[in-house]
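Report on the following structure.
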Amino acid sequence: MSTAIQPPDDLTQRFGEVLVAPDGAWEISVPAASAHDALAYLGLEREPAFSLFIDVFGVDHGEQIEIIYHASRPETGDLCRVRTRVPRIGGSIATVTDIWLGAGWPERELMEMYGVGIEGHPDPRHLLLPDDWKGFPLRKDYQYPDHPYLTPDPMREDPGKYLSEHPIEE
Amino acid sequence: MSEQHRGQTEELLINMGPQHPSTHGVLRVVLRLDGELVNDADVHVGYLHSSLEKIGEAKTWAQYVPYADRFDYLSAITNEFAYVRAVEKLLGIQVTERCEYIRVIMAELQRIASHLMYLTAMGLDTGATTVYLHCFRDRERVVDVLENVTGQRLLYHYLRIGGLRNDLPADFADSIRDLLEYLPPKFREYENLLTKNRIFRARMEGMSYLPPERALSYGQCGPCLRACGFAHDLRKLLGYSAYPQFDFDIPVYDTCDAMARHLVRCDELIQSLRIIQQAVDKLPGGEVSVKAPRNIKPEPGTVNERIEGARGEVGCYLVSDGGDKPARMHWRPASYYNLQPLPDLMRGGYVADTVVAIAALDIMLGDVDK
């Protein structure tokens with residue numbers, strides 16, 4: 001569906017260059033500091049607003065983590081894509097849960113999977129990973145743990161020592 | 001709630017799941033109860049997390065198709081559909097007309113199978129065991145047709161980049177004709193048995209209400225969004241694949257409750273049959289696959305594909321760095337966004353209605369946990 005429709009005028013006026021992506025989405029690139037303002041304009045202030053939340057996710061680009069927001073409208077198939085980048089170390093961005101409630105879970109995923117800080121998130125717990133998980137799995141340099149799920153089994157490692165310490169009762 | 005319900009009670013914290021027959025997999029909901037009333041709910045997901053996105057970065061483009069099946073494993077064809085379409089876009093491959101038609105037939109059969117599974121679970125969760133048995137019996141007939149074509153009954157691995165694994169078998173026309181004759185009376189039977197049932201209606205109507213503006217904000221999709229009065233169906237809005245060539249309606253209800261979600265799915269069963277009938281009648285001849293490179297290495301770039309799965313919008317965002325594997329793969333699963341407002345739906349209701357709230361959303365935990 002690469003029907004390249006011209007982006008609406010108000011977007012070009014506000015954001016300057018609006019790219020029409022090969023998949024038909026209108027693409028806007030903004031710096032991380034002003035991302036929240038831009039998204040609030042798109043999701044709340046603009047008429048008609050991109051009120052239907054689609055998703056938010058990260059892409060690892062080495063020095064920087066790219067964060068991509070997708071939003072749409074219920075009446076059309078239009079897709080608006082906002083790209084922004086935060087530094088890999090210590091990078092953070094303001095939450096958009098005040099614009100779209102649905103951003104709650106994917107932003108929790110961004111935190112646990114990429115180590116991106118989300119400022120003002122109402123519920124910054126892990127979502128998919130266990131609470132004590134170390135590392136950020138969707139980063140490219142992620143090291144796989146030896147025993148991801150199990151603690152080492154002492155009976156298997158040294159049965160003689162284990163049995164002498166834990167004698168089987170008659 | 002009226003005053004007579006409000007006695008002196010102590011707040012009770014109760015775990016629903018992860019092993020609970022009505023949570024449709026491994027969903028854990030921590031309920032804060034005031035007697036029979038739900039004060040708050042906290043949803044814990046991730047028990048089925050299998051890092052399907054990370055696996056995507058370690059598999060070649062063609063190898064990933066069977067993994068795509070495993071997100072929403074009751075609607076495997078639509079996941080494959082999203083993935084192969086995304087890769088074809090990236091490569092600039094145009095598949096044949098016959099291939100598009102067969103993909104649509106398979107996707108709609110899959111939608112019927114998936115919605116019948118929903119009816120099964122919904123019936124069971126509201127105590128209607130008869131519907132459970134009838135729907136399972138009829139879902140078998142649909143799955144038999146899918147098996148006849150693909151050789152598999154759950155995870156099909158039928159769609160390929162650039163086409164299909166195989167053409168339709170010789171007896172396909174007969175089997176689909178039998179199915180199209182068999183199903184409509186059965187759908188009327190479910191309507192009489194379940195949808196018009198007084199007890200069922202009392203359990204569904206007005207339950208788990210979600211205001212339309214919150215539904216949009218939460219990113220609800222598919223039948224859950226169409227139950228809030230929005231005619232949002234990507235088959236119509238984006239008109240991908242062969243869908244623009246078929247005549248079908250989008251069922252929309254605006255009561256925003258569990259009953260509306262149920263009715264949308266019941267009506268979609270009939271619309272899916274209409275699409276299949278038209279596709280089988282107009283099925284063009286020719287090849288089902290075009291020549292795709294054996295060693296796929298797309299040009300560097302990104303692509304996003306959105307299609308309408310059985311549970312709503314399935315999104316697949318791919319990043320290629322020119323290598324033989326995706327540099328990044330992101331999925332937008334439908335159930336993930338449909339499940340998020342669950343605390344909103346449960347708050348202020350009774351414990352017995354929590355089961356209805358979950359079942360009416362028709363979630364699939366493999367899809368939620370990725």
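Here is how names work: the chains are called A, B, and so on, in the same order as the sequence lines, proteins then strands, and each is numbered from 1. The figures that follow rest on heavy atoms only: side chains count, while hydrogens, waters and symmetry mates do not.
The distance from the CG atom of A:L52 to the OH atom of B:Y337 is 11.0 Å, given to the nearest 0.5 Å. Rounded to the nearest 0.5 angstrom, A:D55 CG and B:N304 CG are separated by 7.0 Å. Here the NE2 atom belonging to B:H330 is positioned 8.5 Å from the CD1 atom belonging to A:I68, to the nearest 0.5 angstrom. Rounding to the nearest 0.5 Å places SG of B:C221 at 8.0 Å from CD1 of A:I54. The line from CD of B:E53 to CE of A:M113 is 7.5 Å long, rounded to the nearest 0.5 Å. Here the CG-CZ distance, from A:D60 to B:R328, works out to 9.0 Å after rounding to the nearest 0.5 Å.
For B:Q220, the part sitting under 4.5 Å from any heavy atom of chain A is the backbone (N, CA, C, O) and nothing else. For A:P130, no part sits under 4.5 Å from any heavy atom of chain B, backbone or side chain. For B:L48, no part lies near chain A; criterion is any non-hydrogen pair under 4.5 Å. Contact of B:D42 with chain A is made through the side chain alone, with heavy-atom distances under 4.5 Å. Proximity to chain A is absent for every atom of B:K236, based on heavy atoms less than 4.5 angstrom apart. Interface remark: A:H126 contributes no atoms to any contact with chain B (heavy atom separation under 4.5 Å). For B:Y317, the part sitting under 4.5 Å from any heavy atom of chain A is the side chain, from C-beta outward, and nothing else.
Applying the 6.0 Å contact sphere to CD of A:E45 captures more than 12 heavy atoms from other residues, nucleotides or ligands. When the shell of 6.0 Å around OH of B:Y243 is examined, it contains more than 12 heavy atoms from other residues, nucleotides or ligands. Counting heavy-atom neighbours within 6.0 Å of A:D141 CG, excluding the residue itself, gives a total above 12. The number of heavy atoms from other shown groups lying within 6.0 Å of CD (A:E165) is above 12. Few gaps surround NZ on A:K140; more than 12 heavy atoms of other groups in view lie less than 6.0 Å from it. Summarising the local packing, CZ of B:R32 is surrounded by 12 or fewer heavy atoms from other residues, nucleotides or ligands at distances under 6.0 Å.
Between B:R332 and A:F53, the shortest heavy-atom distance links the atoms NH2-O, 3.6 Å. A:L128 and B:V368 get closest at one heavy-atom pair: CD2-O, 4.1 Å.
Interface summary for chain A: among B:S217, B:G219, B:A215, the most heavy-atom pairs under 4.5 angstrom belong to B:S217. Counting heavy-atom pairs closer than 4.5 Å to chain A, the top residue among B:A327, B:A231, B:G315, B:G301 is B:A327. Among A:A71, A:G104, A:G58, A:P106, the residue making the largest number of heavy-atom pairs under 4.5 Å with chain B is A:P106. Each of B:V303, B:D233, B:L225, B:D369 has some count of heavy-atom pairs under 4.5 Å with chain A, and the biggest count is that of B:D369.
Within residues 72-79 of chain A, the residues having any heavy atom closer than 4.5 Å to a heavy atom of chain B are A:S72, A:R73, A:P74, A:E75, A:T76, A:G77, A:D78, A:L79, listed by residue number. When the heavy atoms of residues 95-103 of chain A are compared with those of chain B, the residues falling under 4.5 Å are A:I99, A:W100, A:L101, A:G102, listed by number. Contacts between residues 81-94 of chain A and chain B, defined by a heavy-atom separation under 4.5 Å, are made by A:R81, A:R83.
Judged purely by atom type and a 3.5 angstrom limit, B:Q340 uses its side chain to pair as donor or acceptor with the backbone of A:W105.
Here B:Y83 pairs with B:Y64 under the ring-ring contact (aromatic ring centres under 6.0 Å, His included) rule; sequence neighbours left out.
Looking only at side-chain heavy atoms (C-beta outward), B:R306 and A:H70 stay at 4.5 Å or farther from each other.
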